[in-house]
Amino acid sequence: MAVRDDAEALAPELVRLRRAIHREPEIGLHLPGTQRKVLAALEGLPLEISLGSALSSVTAVLRGAGADGGPVVLLRGDMDALPVTERTGLDFASQTEGVMHACGHDLHTAMLAGAARLLAARQHELPGTVVFMFQPGEEGHAGARLMISEGVLDAAGQRPAAAFALHVASAEWPARVCSTRPGPMLAAAEVLEVTVQGHGGHGSQPHLAADPIPVACEMVTALQTLVTRRFDVFDPVVITVGSFHAGTTDNVIPDEANFLATVRTFSPGARDRLRTSALALLGGIADAHGVTVSAGFHDGYPVTVNDDAETRFATRVAADLLGEERCVAQPSPLTGAEDFSFVLEQVPGAYLMLGACPLGADPASAPNNHAADAVFDDSVLGIGAALYAELALRPPGRSLTERAQRDRPETPSPGRSRRDRRLEPPRDAVFVAS
Ligand SMILES: [Zn+2]
Ligand SMILES: [Zn+2]
């Protein structure tokens, strides 16, 4: 049977797993209940399993018949929830106050467990090795970076030739529509923290003090000038100073002023140049006014960059499974950030969005990821598991034609074709995936 048929047969089990995870969401790097559910779902499969130390990750390795010298493919599914109080009214809604799977990571976990089941049943067909990366702490905790430091990229004994991640969306795209793009897929997000150190004094005698406030104000506006004068408008940079604090009252010059900015970039080059040029700018302004500045970037997530060839490959696989019409090219990067970017810095691969808007809801107005009333349609679990599995089953190195012809599904039914033709390409609008 084709992978997609097996996946649909497995779907009811994946729905049960997803709903069990959804009922008991956990936040951050330590997700013991979710980890237990994943291990139970993988029970009995021919996997080499290792657990994280600094986080409750699960790394599972499946070696195929051609594992010796065959390629390694890594599949990532994140497992963590968000500090949101659920308002969906679903009968499997979160039972934990203030915690919700509002980004759909419960679906990713179930789909990846499903892929492990599908691929284990095809171990003899596997041309190489598959690493299943069940990852906590995507939502701001850089769990992927921790898993890399604990060796997930070397779990199979050799580096993956390719890595893939799926992310579901409760809005924007109809269910079962896949969207991706080569190159930048998601933004880099970092925090710039600045402290301007002057010398306080009486408000009536500023010449006897070193006032940090006008210097810090000058820095805020100079950062905007830096963005517009030194960076290509087609490689955008966004700096927003969202926090600015100094002083206690009107007639006292304070010793220091502090501000925080969020910085978004869409290419590693722009991110690196911004770091260097912003710090030089701030230092220069401080020097000019006789004060000192300490400024630095808190490491956020880098740009998520899809590899051209692997994106073409993944798009082909998705088109085979979903139909050409349900596989759309994303016109611009998403403004959210993703820690799968750390994996893609070291391994070529692709990050794909999979529409999971409930049937009957309008993708243009349905509550988006991270909303308290965001609903993700369970019906995508089977096809999502099949997509993960096919990305590993058709190994890197084979020609696209050969990969595409393998397991090509039968001609879609007339009903599906009619529905497909009604689909419209996604709007330019993007959402914060993380
Ligand atoms: Zn997410
Ligand atoms: Zn998210």
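Each residue takes its place number in the sequence, starting with 1.
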- prompt: If you measure from the Lys or Arg side-chain nitrogens to the Asp or Glu carboxylate oxygens, is any gap between D320 and R316 under 4.0 Å?
  reply: yes
message: Between L42 and V38, does the side chain to side chain contact (heavy atoms under 4.5 Å, CB included) criterion hold? Intermediate values first, please.
response: CA-CA 6 Å; L42 303 180; V38 168; 3.9 Å; yes
message: So L186 and P333, do their side chains get closer than 4.5 Å, heavy atoms only?
response: no
field: Residues E193, N258; criterion side-chain hydrogen bond (donor to acceptor under 3.5 Å, both in side chains); working and verdict
entry: CA-CA 8 Å; E193 181 170 6; N258 309 284; over 6 Å; no
query: Looking just at side-chain N and O atoms, do D373 and T88 make a donor-acceptor pair shorter than 3.5 Å?
result: no
- request: Check the pair R264, V237 against side chain to side chain contact (heavy atoms under 4.5 Å, CB included), reporting the backbone distance first and the verdict last.
  value: CA-CA 6 Å; R264 305 278 162 142; V237 173; over 6 Å; no
- prompt: Hey, are the side chains of R18 and F376 touching, using non-hydrogen atoms and a 4.5 Å cut-off?
  reply: yes
field: S341 side-chain N/O to P302 backbone N/O, donor-acceptor pair under 3.5 Å
entry: yes
query: Between R122 and D6, is a salt bridge (charged side-chain N to carboxylate O under 4.0 Å, His left out) present by the stated rule, with each step listed?
result: CA-CA 11 Å; R122 289 169 172 74; D6 280 356; 2.6 Å; yes
query: Roughly how far, to the nearest 0.5 Å, is SG of C357 from CG of D377?
result: 8.0 Å
message: Do E190 and R271 have side chains that approach each other closer than 4.5 Å (heavy atoms only, starting at C-beta)?
response: yes
- line: residues 34-44 vs salt bridge (charged side-chain N to carboxylate O under 4.0 Å, His left out), sequence neighbours excluded, gives E24-K37
query: Taking the side chain as C-beta and beyond, is there a heavy-atom pair between I27 and P83 under 4.5 Å?
result: yes
message: Between T304 and E338, does the side-chain hydrogen bond (donor to acceptor under 3.5 Å, both in side chains) criterion hold? Intermediate values first, please.
response: CA-CA 7 Å; T304 302; E338 239 296 341; 5.8 Å; no
- line: CG (L354) and CG (L322) are apart, to the nearest 0.5 Å, by 7.0 Å
query: In terms of ring plane angle, is the pair F340 and Y351 parallel, tilted or perpendicular, where the classes change at 30° and 60°?
result: tilted
task: Please tell me if the side chains of V305 and M185 come closer than 4.5 Å, counting only heavy atoms from C-beta onward.
output: no
Check residues 107-116 and write down every donor-acceptor pair under 3.5 Å in which the side-chain atom is one partner and the other belongs to a residue at least two apart or another chain.
{"from": "H108", "atom 1": "ND1", "to": "D78", "atom 2": "OD1", "distance (Å)": "2.5"}
{"from": "H108", "atom 1": "NE2", "to": "V168", "atom 2": "N", "distance (Å)": "3.0"}
{"from": "T109", "atom 1": "OG1", "to": "D78", "atom 2": "O", "distance (Å)": "3.1"}
{"from": "T109", "atom 1": "OG1", "to": "H105", "atom 2": "O", "distance (Å)": "2.9"}

Pairwise distance CZ(R87) to OG(S94) - rounded to 0.5 angstrom: 13.5 Å
- request: Using a strict cut-off of less than 4.0 Å between a Lys/Arg side-chain nitrogen and an Asp/Glu carboxylate oxygen, indicate whether R19 and D106 qualify as a salt bridge.
  value: no
query: Would you say the side-chain atoms of Q135 pair up with the backbone N or O of R76, donor to acceptor, closer than 3.5 Å?
result: no
message: Taking R4 first and then E390, would you say they form a salt bridge - that is, a charged N and a carboxylate O separated by under 4.0 Å?
response: no
T262 and V191, any side-chain heavy atoms less than 4.5 Å apart: no
field: Full working for side chain to side chain contact (heavy atoms under 4.5 Å, CB included) between L223 and T221
entry: CA-CA 5 Å; L223 285 169; T221 51; over 6 Å; no
message: To the nearest 0.5 Å, what is the distance between CG on L62 and CD on Q123?
response: 5.0 Å
Any side-chain heavy-atom pair of H167 and C103 under 4.5 Å: yes
field: Rounded distance (nearest 0.5 Å) linking atom CG of L14 with atom CZ of R117
entry: 8.5 Å
- prompt: Is it true that atom CZ of R159 has more than 12 heavy atoms of other residues, nucleotides or ligands lying nearer than 6.0 Å?
  reply: yes
Residues T195, F259; criterion side chain to side chain contact (heavy atoms under 4.5 Å, CB included); working and verdict: CA-CA 7 Å; T195 298; F259 64 89; over 6 Å; no
message: A side-chain contact here means heavy atoms from C-beta on lying under 4.5 Å apart; do M147 and L55 qualify?
response: yes
- prompt: Does the side chain of E26 pick up a donor-acceptor pair with the side chain of T34 at under 3.5 Å?
  reply: yes
message: Applying side-chain hydrogen bond (donor to acceptor under 3.5 Å, both in side chains) to E86 and H22, what does each step give before you reach the verdict?
response: CA-CA 10 Å; E86 182 159 355; H22 193 91; 3.0 Å; yes
- prompt: Backbone N or O of A187 within a donor-acceptor pair of the Y301 side chain at under 3.5 Å?
  reply: no
